[in-house]
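Worth saying up front: this structure is predicted, and the values here are computed from it rather than measured. In each ligand, atom 1 is the first atom listed, and ligand 1 is the first ligand listed.
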Amino acid sequence: MRNNPNPHPKPPATARGLALHVLEAVARGQYAQPTLDRALQNTRLSPEDRGLATHLTYGTLRHLRYLDHLLAPHLNAPHHLPPPVRWALRAGAYERLFLEHPAYAVVHSWVEETKRRAPRLAGLTNAVLRRVTHREAPPAVRLSIPDFLHDHWRIFFGDAGFAEGFNQPEPLWITAYPGAREALEAQGVAYRPGPVPDSLALEGARLRALEAYRQGLLQPQNPASLFAAQLLDPPPGAKVLDLAGGAGLKALYLAARGARVVSYDKNPKRQATGRATPARTGLRVAFKTQDLTRPIPETAPFVLLDAPCTGTGTFRGNPEIRYRLRPQDPQALSTLQRALLETAARAVEPGGRLVYAVCTLTEAEGEAVTRAFLEQHPEFTLEPFTPPFPALKQDLGVYVRPENGLDGFYYARFRKA
Ligand SMILES: C[S@@+](CC[C@H](N)C(=O)[O-])C[C@H]1O[C@@H](n2cnc3c(N)ncnc32)[C@H](O)[C@@H]1O
């Protein structure tokens, strides 16, 4: 993987060029979201073109497997095309067939993008983008997910059709800190309430342009992620341990509700981002850096473990990870999750509460972890709860249905005797 985030000296001057620049970087191993954010920060494109570049980037990646299936009958050897031309064909097909922009309006622009990269292939782009149409595809191809995951979801959840939800655009979800709504209203920004308290969806706003964001009152966060912190529900003043807390998104939220939070993670870079946030919001969280496969030297009545995982529930916002996942990954991650859960269990005081959460929808990282944990820890019992949004499966813990912009999550809540 290369680390150069911006190999082009000047940001591309067109929406389609910018999308191609990001797609090529993703093909080299970069992540779509930070790469697109950086490219948009460096560009002078109009708001409409920024929107188009965003749609083209996410849409092409979300539908990539299906787009390749649609392009296949029109190409002799797609793998031998220069990568920029292959991406132009994929993104052009996405624009034609999913954004439903007519050929006469868009093919010319893709031909121009091709000419800049491989002039001799401009005719190919012209011909293919005029002819490409929807066609029958096997379900995993139509949903653009790996076969192994489609098979797993069909067997484990009974149907994999919910994965369609990963290919829909999502609103800009934010967690609103006290004063956020007033600041948004003062700036005339439209928002609607999310499915959990303190979660809002912003309509068509650019986060960085918002006064409320500059004041630290808004935190981008999916409601399903926020709900993991809300499940812990500590009373004001209670001590909370936030394990694998990363940049402390959940720790800061719980601190804002009056908890005394200590957030542990092994990655000091992520924690540095979290440490900078309290300065903005005036909240206090103690960040400690440690590998949590080893026990920690303290206890609390409330412990949250938001564990590292395969992230299959975040395919909407991180569309590229579905193509990088290997069949053995869920099992490998579950070994780490069980080790981290051991550390978490030891840190819970008698009578205390433990929440285990992962942003993924696999049996190995969800129910199987909980089942093994309960077998080895008779001092813990499951504490049932009803989520305020539809569940995919609700038996041993809860799997969130990843629809209407929600990420897929798994949560289990335990009480220590
Ligand atoms: C799902 S993310 C946590 C997100 C965070 N709770 C939030 O709300 O933003 C998982 C975190 O686990 C951390 N992690 C992975 N392996 C770890 C380990 N062995 N010990 C401690 N932290 C670990 C990663 O650095 C990452 O920040």
With a 4.0 Å cut-off on N to O distance, would you call [X] and [Y] a salt bridge?
X    : Y    : value
R117 : E24  : yes
K288 : D265 : no
E349 : K239 : no
R16  : E112 : no

Considering only heavy atoms, which of Q219, K269, R294, K266 lies nearest to atom 23 (C) of ligand 1? K266
Any N or O of [X] closer than 3.5 Å to N or O of ligand 1:
X    : result
D242 : no
D306 : yes
R270 : yes
N267 : no

Just by modelled atom types, is the V196 backbone N or O under 3.5 Å from a matching donor or acceptor in the S199 side chain? no
For [atom], find the nearest protein heavy atom and state the residue, atom name and distance (0.1 Å precision).
atom                    : value
atom 15 (C) of ligand 1 : P308 CG, 3.4 Å
atom 13 (C) of ligand 1 : D265 OD2, 3.2 Å
atom 19 (N) of ligand 1 : D291 OD1, 3.0 Å
atom 8 (O) of ligand 1  : K250 NZ, 2.7 Å
atom 3 (C) of ligand 1  : A244 O, 3.0 Å
atom 9 (O) of ligand 1  : L249 CB, 3.6 Å
atom 20 (N) of ligand 1 : L292 N, 2.9 Å

Q290 contact mode with ligand 1 (heavy-atom cut-off under 4.0 Å): backbone
Answer yes or no for G245: is there a heavy-atom contact with ligand 1 below 4.0 Å? yes
For A307 and ligand 1, answer yes if some heavy atom of the residue is under 4.0 Å from a ligand atom, otherwise no. yes
Give a yes or no on whether R346 atom CZ has more than 12 heavy-atom contacts from other residues, nucleotides or ligands under 6.0 Å away. no
Would you say H55 has more than 12 foreign heavy atoms packed within less than 6.0 Å of its NE2? no
Is any side-chain heavy atom of F166 closer than 4.5 Å to one of R62? no
Cation over ring face, R326 and F148, 6.0 Å, 45°: no
